[in-house]
Amino acid sequence: MNEFELIRRYFSFSVPTGDDTGVGDDCALITPAAGHQLAVTTDTLVEGVHFPVDADPDRLARRALRVNLSDLAAMGAEPVGATLAITLPEVDEAWLEAFGAALAQDCEHYGCPLLGGDTTRGPLSLTPTLLGRVPRGEALLRSGAAAGDRLYVTGTLGDARAGLECLQAGDTDDALLARYWLPSPRLAAGVLLRRFASAALDVSDGLLQDAGHIAAASDLVAEIQVDEMPLSEALRRRAGEDRARLWGLTGGDDYELCFTVPPAREGAMCTAMAEAGHRVTAIGVMRAAEPDGERVRCLDRHGEPVHIQGRGYEHFA
Ligand code: ADP
Ligand code: MG
C-alpha cells in the first residue's frame, strides 16, 4: 500500500461542508466563523516518551486527539477541526485500521473533523494540530487572574497518575487506567467558564506546576489548601490518603480545568456548573505576589505551610 492509498483508507473519514475542503488537496479550506478568533494548539506524542511502547492503537488515537482538545477547552474554545502528522515505523494494516476507526469515532463525537495531515516513515509519533473557535475577546487566558480570586478545579485529580502506575505494574484497575488513556476534555465546562472565570488552563503537568503558570502569568501567588483536593475513591483505594494527595498535587495527565473566579461571580459559577453537571471544587485563592517570587504556596487545614521538595511532598512522606 502506498502513502496515498494509506491516507485514503484510514485518514479520509471526515466530510467537509459547504465550500470547505479537507483531506486530499494541498491545504484544507476552512471558513472562519464571523466574530470569532481561531484557537490553535499542537502537542506531539512520541512512543516511549509520552506513551508506552506497543500501546493499543485505539486508545492511542483517542488520547492524542483528546489531550489536544483539552487545550481548546482550557481556552473556552470549541473544536473546528484537526490535522494529524503521523510517523509510522511500518505499514501495519491491523494497527492502522484500529487507529483510524477510533480516531474517526472520537472526531465525530467531539465535532472535530480531520482536515489533513502528513504521513511519513520513522519512529512512532503523533502530532495533532487542533483548530478551535472562540468569540472574539472571550478566550480564557492564564494572565487574567486578580488577587482575591478563588482557585477551582473540575473533576478529580491524581487519577491519571495512578492509572499510569497501574499500567507500569501491569495491574488492571479499569477506572484508573481509563483516566490515563481516555481523558475527558472539559469542552462544555470551558465554554460555560467564559462567563465566569478570570483565568484558566488544563492540568497536564500536575496541579502545582500548572497553578504556578496562572500565578506567573497573572503575577500572583496561588495559595492551595491541600486538604481540599478533590480525590476519587479509586485513587484513595489504590494509593492511600497521603499518596493520593501527593498525586493529586503533582501527578500529570488529568486534563481537568484549573481556573480562577472573582468572588462576585463565584455563586453564579457554582450554580451554572452544577446545573450543567460539572463537578467543581474550590482549592485555594490567588494572593498578591511576594518578593521571594514563589508562585505556589500550599497550606494544610490548620493554615500551616506544607513544604514541597522537588515534585514530592515532605509533609506526606
Ligand atoms: P503534500 O505533499 O501536498 O503536502 P501529502 O501528500 O503530504 O500532501 O498529503 C496528501 C493529502 O493527505 C493532504 O490533503 C494531507 O493533508 C492529507 N494527509 C496526509 N497525511 C494525513 C494524515 N495522517 N491524516 C489526515 N490527512 C492526511
Ligand atoms: Mg502539496
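Counting starts at 1 for both ligands and their atoms, following the listed order.
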J.: Please classify the I86 to ligand 1 contact at 4.0 Å (heavy-atom distances, strictly less than): side chain, backbone, both or neither.
T.: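 The part of I86 near ligand 1 is the side chain, not the backbone.
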
J.: Which heavy-atom pair separates V153 from P230 by the least distance, and what is that distance?
T.: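 Answer, listing the atom of V153 first, then P230: CG2-CG, 3.6 Å.
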
J.: F4 heavy atoms, cut-off 4.0 Å: which ligand 1 atoms fall inside?
T.: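 Taking each heavy atom of F4 in turn, ligand 1 has 6 (O) under 4.0 Å.
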
J.: Looking at E290, I'd like to know if its CD atom is crowded, meaning that more than 12 non-hydrogen atoms belonging to other residues, nucleotides or ligands lie closer than 6.0 Å.
T.: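 Check passes, neighbour count above 12.
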
J.: Where does I7 meet ligand 1, judged by heavy-atom distances below 4.0 Å: at the side chain, the backbone, both, or neither?
T.: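 Near ligand 1, I7 shows its side chain, while the N, CA, C and O stay back.
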
J.: So if I count the atoms of ligand 1 from 1 in the order they appear, which ones are less than 4.0 Å from some heavy atom of V23?
T.: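 Every atom of ligand 1 under 4.0 Å from some heavy atom of V23: 12 (O), 14 (O), 17 (C), 25 (C), 26 (N).
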
J.: For ligand 1, which atoms have a heavy atom of E3 less than 4.0 angstrom away?
T.: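 With E3 as reference, the close atoms of ligand 1 come out as 6 (O).
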
J.: Indicate whether any N or O donor in one side chain lies under 3.5 Å from an N or O acceptor in the other, for R179 and S232.
T.: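 Their side chains do not contain a donor-acceptor pair, so the 3.5 Å distance test is not met.
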
J.: Against heavy atoms of G24, which atoms of ligand 1 measure under 4.0 Å?
T.: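 Near G24, the atoms of ligand 1 are 11 (C), 13 (C), 14 (O).
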
J.: Work out which heavy atom in P113 is nearest to a heavy atom in S14; give both atom names and the distance.
T.: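 What the structure gives for the nearest pair is CA-OG, 3.4 Å.
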
J.: Check ligand 1 against T119 and write out every atom of the ligand that is under 4.0 Å from a heavy-atom position of the residue.
T.: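 Counting atoms of ligand 1 from 1, those under 4.0 Å from T119 are 19 (C), 20 (N), 21 (C), 22 (C), 23 (N).
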
J.: How would you list all residue pairs meeting ring pair (Phe, Tyr, Trp, His ring centres under 6.0 Å) that involve residues 99-157, not counting sequence neighbours?
T.: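 Ring pair (Phe, Tyr, Trp, His ring centres under 6.0 Å) check on residues 99-157 returns W95-F99, Y152-F259.
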
J.: Show me which atoms of ligand 1 lie under 4.0 Å from any heavy atom of L84.
T.: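 Listed by number with element: 22 (C), 23 (N), 24 (N).
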
J.: When only distance counts, is G117 in polar contact with ligand 1, meaning an N/O pair under 3.5 Å?
T.: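 Yes; the residue has a nitrogen or oxygen that sits under 3.5 Å from a nitrogen or oxygen of the ligand.
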
J.: Kindly identify the option in F99, Y10, F11 whose heavy atom sits closest to atom 24 (N) of ligand 1.
T.: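 Shortest heavy-atom distance from atom 24 (N) of ligand 1: F11.
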
J.: In this structure, are over 12 heavy atoms from other groups packed under 6.0 Å from D54 atom CG?
T.: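 Count not over threshold, so no.
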
J.: Would you mind running through ligand 1 and noting each atom that sits below 4.0 Å from a heavy atom of D25?
T.: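 The list of qualifying atoms is 13 (C), 14 (O).
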
J.: If only atom types and distance count, is the side chain of R62 paired as donor or acceptor with the main-chain N or O of L182 below 3.5 Å?
T.: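 No.
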
J.: If the threshold is 4.0 Å, N to carboxylate O, is there a salt bridge linking R236 and D242?
T.: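 Looking at D242 together with R236, the answer is no, because their closest N to O distance does not fall below 4.0 Å.
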
J.: Please name the pair of heavy atoms, one in H50 and one in Y180, separated by the smallest distance, quoted to 0.1 Å.
T.: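 H50 and Y180 have their closest heavy atoms at O-OH, 3.4 Å.
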
J.: Tell me the contacting part of L115 for ligand 1: side chain, backbone, both, or neither, using a 4.0 Å heavy-atom threshold, strictly below.
T.: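 No part of L115 is near ligand 1 at this cut-off.
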
J.: Run the numbers for me: atoms of ligand 1, each under 4.0 Å from some heavy atom of D118, listed by number.
T.: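 Matching atoms, with element in brackets: 7 (O), 19 (C), 20 (N), 21 (C), 22 (C), 23 (N).
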
